[in-house]
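First up is the structure itself, then whatever we jot down about it.
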Amino acid sequence: AYRKSLGYMPQQQQLYETFTVTEFLAYMGTLKGMKKKEIRARMELLFPLLNLDKVKRKKIKELSGGMKQRVLLLQALLNDPKILILDEPTAGLDPKAHRDVLDMIIRVHEHENNITIMVSHNMEDIASMCDKVIVMDRAHAVMEGTPEEVFARRAELKQMGLAAPPVTELIDMLNDRGFKLDGNILTRDKAVEEIYKAIRGNTDA
């Protein structure tokens with residue numbers, strides 16, 4: 001039941017570097033108790049979704065960090081899980097690979113329609129990706145709500161060593177300097193929109 005319902009993408013890249021991508025995924029599918037036919041069918045479906053078609057016959061040691069993360073994500077999806085757990089999926093990636101992996105996670109979630117649980121210390125990712133946030137402190141859930149509800153409690157987060165997304169701190173700084181912006185903006189796109197409105201309003205005035 002566990003193997004059928006849960007997919008897990010670990011933080012550390014636990015990969016067999018001398019295996020090709022296809023060999024590694026076939027091996028992981030076998031460990032999950034899948035039949036060869038099932039593994040092949042899922043790979044054929046997921047390779048295009050994760051843009052791995054061109055590298056499926058390459059050895060894992062030849063792949064970039066971002067591509068390796070995609071392979072790890074695919075192995076977590078092999079058994080068509082109802083619940084997908086991603087542990088720090090963008091750790092150690094450069095900005096482009098970071099964004100690419102997040103885009104892949106969104107695409108997979110929309111395609112697979114599963115429950116996705118993402119563990120991350122990147123508050124900007126949490127704010128932009130998640131419908132619900134649970135804050136853990138010393139193995140206890142101490143805060144729960146939408147990103148807007150959780151990040152409104154910035155003083156409490158700071159006591160636990162967590163900060164609001166950088167863009168939210170920027171908005172706070174601008175408000176301290178006389179702007180009148182929504183104090184709970186969490187994404188860059190929303191911040192750009194609100195700052196533009198504020199500047200345009202001041203210009204019109």
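This structure is a prediction, so every number in the text was calculated from the model and none was measured. By convention here, the first residue in the shown sequence is residue 1. Atoms considered below: every heavy atom in the structure, side chains included; atoms not considered: hydrogens, waters and symmetry mates.
Counting Ile, Leu, Val, Met, Phe, Trp and Tyr side chains that sit under 4.5 Å apart, directly or through other members, Leu45 stands alone, with no cluster partners.
Listed by chain and residue number, nothing satisfies the ring-ring contact (aromatic ring centres under 6.0 Å, His included) test with Phe151 (two or more places apart in sequence, or in another chain). Judged as a ring-ring contact (aromatic ring centres under 6.0 Å, His included), and not counting sequence neighbours, the contacts of Tyr16 are Phe19, Tyr27.
Within the 4.5 Å cutoff, the side chain of Asp189 has no heavy atoms near those of the Glu193 side chain. Side-chain atoms of Val21 and Met67, non-hydrogen and from C-beta on, never get closer than 4.5 Å to each other. Between Leu86 and Leu73, the closest side-chain pair of non-hydrogen atoms falls below 4.5 Å. Arg70 places a side-chain heavy atom less than 4.5 Å from the side chain of Asp100. Looking only at side-chain heavy atoms (C-beta outward), Arg154 and Glu169 stay at 4.5 Å or farther from each other. Contact annotation: the side chain of Leu181 never approaches that of Lys197 to less than 4.5 Å [non-hydrogen atoms, C-beta and beyond].
Between the side chain of Lys32 and the backbone N or O of Gln75 there is at least one donor-acceptor pair closer than 3.5 Å. Glu194 contributes no side-chain N or O that, together with a main-chain N or O of Lys180, makes up a donor-acceptor pair within less than 3.5 Å. Remark: the backbone N or O of Pro81 is not paired with any side-chain donor or acceptor of Ser5 at under 3.5 angstrom. Side-chain N or O atoms of Asn79 include none that pairs as donor or acceptor with a backbone N or O of Gly29 at under 3.5 Å.
Every pair passing side chain to side chain donor-acceptor pair (under 3.5 Å) that includes a residue from residues 35-61 is listed here, sequence neighbours excluded: Arg42-Glu112. Counting only residues at least two apart or in different chains, side chain to side chain donor-acceptor pair (under 3.5 Å) contacts with residues 101-110 comprise Arg99-Asp103, His109-Thr116. Pairs engaging residues 31-81 under the ring pair (Phe, Tyr, Trp, His ring centres under 6.0 Å) rule: none recorded [sequence neighbours left out].
Val108 and Leu72 end up in the same hydrophobic cluster when Ile, Leu, Val, Met, Phe, Trp and Tyr side chains are linked at under 4.5 Å. Val71 and Ile105 fall within the same hydrophobic cluster, where Ile, Leu, Val, Met, Phe, Trp and Tyr residues are linked whenever their side-chain heavy atoms come under 4.5 Å apart, directly or through other members. Follow the hydrophobic side-chain contacts under 4.5 Å out from Ile117 and you never reach Val133; the two are in separate clusters. By the criterion of side-chain heavy atoms lying less than 4.5 angstrom apart, applied directly or through intervening Ile, Leu, Val, Met, Phe, Trp or Tyr residues, Val135 is not grouped with Ile85; the two fall into different hydrophobic clusters. Follow the hydrophobic side-chain contacts under 4.5 Å out from Leu49 and you reach Met9 in the same cluster.
The two residues Val101 and Leu93 come nearest to each other via the heavy atoms CG2-CD1, 3.6 Å. Residues Gly66 and Ala97 share a closest heavy-atom pair of CA-CB, 4.1 Å. Between Leu78 and Leu25, the closest heavy-atom pair is CD1-O, 3.3 Å. The nearest pair of heavy atoms linking Ala191 to Ile171 is CB-CD1, 4.2 Å. Nearest heavy-atom pair, Leu84 versus Ala76, reported as atom, atom and distance to 0.1 Å: CD1-CB, 3.7 Å. Of all the heavy atoms in Gln69 and Pro89, the pair that sits closest is NE2-O, 2.5 Å.
Classification of Glu124 and Arg188 as a salt-bridged pair holds, one side-chain N sitting under 4.0 Å from a carboxylate O.
The CD1 atom of Ile185 sits 8.0 Å away from the OG1 atom of Thr168 when rounded to the nearest 0.5 Å. Summarising the geometry, atom CG belonging to Asn114 is positioned 9.0 Å from atom CD1 belonging to Ile83; distances are rounded to the nearest 0.5 Å. Here Lys132 contributes atom NZ and Glu144 contributes atom CD; the two are 4.0 Å apart, rounded to the nearest 0.5 Å. Separation of atoms CE (Met118) and OG1 (Thr90) is listed at 7.0 Å; rounding is to 0.5 Å. Taking CG from Leu74 and CE from Met43, the interatomic distance works out to 8.5 Å, rounded to the nearest 0.5 Å. From Arg138, atom CZ reaches atom CE of Met160 across 10.5 Å, with rounding to the nearest 0.5 Å.
Heavy atoms from other residues, nucleotides or ligands lying under 6.0 Å from CG of Asp176 number more than 12.
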